[in-house]
Amino acid sequence: MNTPSAPLPHVPTPGEPVNLPLSAGTETATLNIEGMTCASCSNFVERALSRTPGVQRATVNLASEKATIDYLPAQIDRAGLRAAVEQAGYAVHEPVAPVAAGVLGSDEELAQRKAAAYRKLLRRFWVAVALAAVIMPLSMIMLWPALMQRVSMPVLNYVQLLLTLPVLLYSGREFYVSAWNGLRHRTASMDTLIAVGTGAAFLYSLAATLVPDWFMRQGLMPEVYYDTTATIIALILLGKVLESRAKQRTSAAIRALMDLQAKTARVVRHGQEVDIPVEEVRLNDIVIVRPGEKVATDGVITEGRSALDEAMLTGESLPVEKKVGDPVFGATLNKTGSFRFQVTKVGKETMLAQIVKLVEEAQGSRAPIQRLADKVSAVFVPIVVMIAIATFVVWFLAAPEATRLPLALVNFVAVLIIACPCALGLATPTAIMVGTGKGAEHGVLIRNAEALEKAYQVNTVLLDKTGTITRGEPAVTDFIPLNLPPSADQTSVLAMLAALERQSEHPLAEAVVRYTDAQGVASLPATDFQAHEGRGAGATVEGQQVLIGNRRLLEEQGVSVSGATTQAADQLLEEAKTVLYAAVGGQIVALFGVADTVRETSAAAIRELQRQGLEVVMMTGDNQQTAAKVAQQVGITRFFAEVLPQDKASKVKALQNEGRTVAMVGDGINDAPALAQADLGLAMGGGTDVAMEAAGITLMRSDLNGVVTALRLSRLTMRAIRQNLFFAFIYNTLGIPIAAGLLYPFTGWLLSPMIAAAAMALSSVSVLTNSLRLRAAKV
Amino acid sequence: MDTTEIIVLLGGVASLGFVGWFFFMAPHQVATAVSSSSGVQQVDIVVKGGYSPDVIEVEKDKPVQLNFYRDEDNSCSEELLLPDFQIRRELAPFQTTAVELLPRQAGTFEFTCGMHMLRGQLVVK
């Protein structure tokens, strides 16, 4: 049914031939309208849409509940159209937007396919287990002579054959298909080993079942190995099931990161607040965030203030206070207040996307420690096949004639089955995946596996003082009141000074405001604000002239500086502090000492690094005296003072020349050469892009505890890798000779292929489990 | 040594030789990338128990797009690694996954599956 509307000049009814020329750049959107009950409803919506600026033509179909709109994207967008419909009193039902492929595009389809493959694997496993559980007891009947007499041997063999066939053709099919595909590419994998091993056992049994007489004539018992075939397949599938479950968890961290992204955003479009999918948010949109909501994307606050939980990005557990002009990041959580922000970054540009990308890249990198394992695994399978063939020949030649064929066969199969190239292949990457993911959870972004390995070898940590040990921003350290006017107390003077400094945007003024705010002073109005470039600022507060600035400002304004004031100022200058002079009504009332302050966490973090046996060295551009003071404050004994920015890299080199492996921690652009020179560079506080490029590890959190976390995490990860590699090598170098029967002449030990299958299934699972242990580790 | 033993011995030695030759000495399938109109060097690779072709030649400093079509759902080939380019990608079964990279250096770079069993080479000239 079409909409029976009275045709408006520019709105033709559907079905009517459309001849209106559309302007270039017109786009067509289809909206699902909800709430229309009659023809007049659809009529109304159609008209409402048509009158909306930017809409060229709108048609609404009541039956299909759809509006088709041609619009100019320059003037209005989908969200705006939606707002128009909603303004008319109807709702728009948004279909689930297809997830854009990209860094943050969680690939639903891939996940579904993986889930389906896992279910299939489980089915194959259970079929194999069920049948193997029947075949096993049947094959043991021959152990009871009393039973044996009642059962016909050929019949029993045929029954076992029938039960084994589904295990082979359904449960184990993948091994044979994959082995065959591999052979066509002249590659061999674990599947090749399993296919050849179980295939040989099965074919021998098949022959013994079909032509037992031939075996008898050769003086051989027509023994069958159906139980071996079925059990091996069941056990290997068990290993695969466990492995696939564990593997899911190794990449859990990156999935968790991707899931952090908000799904929708409440934006202001054409004066209307509308909820839109986050993919539709554009640059410069104004987004509204209420308490308890996630921030949709990166931007700068334009209105309001709040505390935000940024732990998911930075690992910083305390909420961070944000006000107008402060940046906010997508995926962080708004705790207390409401605010609006202007979007500065979307999609792949956002902090979250960058983090995900960095972690993904790190997980794709290869650790130098793995080179040997890679070389071995490249030739592993063909060599194992050759060892198995040699085993067969030696056993056939050495064993007594009556048992030589079965013994040669059983050991041939055992060698093929016990060999586990997977453990070698999984040893390093799984640990790196878990380690880098764990790092990201704690705001430690590891660039690649090589950085992890370097971090493990570090024995000296060089800290660039500013921004690492200290905050890197000025703070008031001293407030010295001087000859206050009799009518005023300290608090009221502070309030007047605060009123002036609130008007200023200078970093030193901000430091004063932070200080006065912390004292809880009253808020006063200031008028006649005047900034004196390079000297300070002045304003009128409560009828009095207030000045804050350097000595020159006061002298220019005719304020006299007494000897006592000069003495107090010199004291502050000696401590390498910046001095601010404050005057009210032409009288000096106070001095502020401003300096970069040491973070509360620095001393403890440095102690922890020293406790781990690392030598901590500081470098700074400050003079010898100041450097010594800060060093002593945080417990550092060795430092470089008066280091010019361009000389930072050479200090790193100096330490390296002492035979040290140096980790350099810095935060700014001028640190980049030093970060690159160091064996391991750690860029702090999110760092600048340049610093991040040069750094092996980026710390999102702005304190030295991040360094402790990063170094400890790399040690744990490297330890797991070493354990894994050791286990994988030992397992194979011991397992293969034992399976070949090397111990037989001495101890009479032979390895049943079924035990070999169990060992093989468990070996790769052990490696994975060891890597996953990192997830629980405390860092 | 009876006849059977001699047959087994000879057969064994022959198979050893064959396995060695088959996996280590036999020639590989080489493909050279085709540059599209936009200057991107493209190569289609089928993933099925291995990579075919498994040696890919590309030119330096030109963007490369490797189109991996995974023609199986065997878990062995689900991951693709290009460690020198820091790429780890999951290949969806029976689908084409495009991997883009820009080779800056000449040389031979390996690409492998997640467990380093299946392997191929990217030769940058």
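In what follows, chains are A, B, ... by sequence order, proteins preceding strands, each numbered from 1.
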Which answer fits [X], side chain, backbone, both or neither, if we ask what part of it has an atom under 4.5 Å from a heavy atom of chain B?
| X | value |
| --- | --- |
| A:Glu243 | side chain |
| A:Val393 | both |
| A:Leu183 | both |

Heavy atoms of other groups near B:Trp21 CH2, more than 12 under 6.0 Å: yes

With chain B, which of A:Ala362, A:Ser377, A:Ser178, A:Ser189 has the greatest number of heavy-atom pairs at distances under 4.5 Å? A:Ser377

When A:Pro382, A:Gly425, A:Gly182, A:Ala390 are compared by non-hydrogen pairs under 4.5 Å with chain B, the top option: A:Pro382

Is there a side-chain contact between [X] and [Y], using heavy atoms and a 4.5 Å cut-off?
| X | Y | value |
| --- | --- | --- |
| B:Thr4 | A:Arg404 | yes |
| A:Val381 | B:Phe23 | no |
| A:Pro429 | B:Arg88 | yes |

Using 0.5 Å steps for rounding, measure from the [atom1] atom of [X] to the [atom2] atom of [Y].
| X | Y | atom1 | atom2 | value |
| --- | --- | --- | --- | --- |
| B:Arg89 | A:Glu360 | CZ | CD | 7.5 Å |
| A:Asn181 | B:Glu72 | CG | CD | 6.0 Å |
| A:Lys357 | B:Gln86 | NZ | CD | 10.0 Å |

Specify which of B:Asp2, B:Thr112, B:Asp84, B:Leu82 makes the most heavy-atom pairs with chain A at under 4.5 Å. B:Asp2

Side chain, backbone, both or neither: which part of [X] has a heavy atom under 4.5 Å from chain A?
| X | value |
| --- | --- |
| B:Glu78 | side chain |
| B:Phe24 | side chain |
| B:Leu9 | both |

Provide the closest heavy-atom pair for A:Ile389 versus B:Ser15 in the form atom of the first, atom of the second, distance. CD1-CB, 3.8 Å

For A:Met386 and B:Leu16 the tightest heavy-atom approach is O-CD2, 3.2 Å

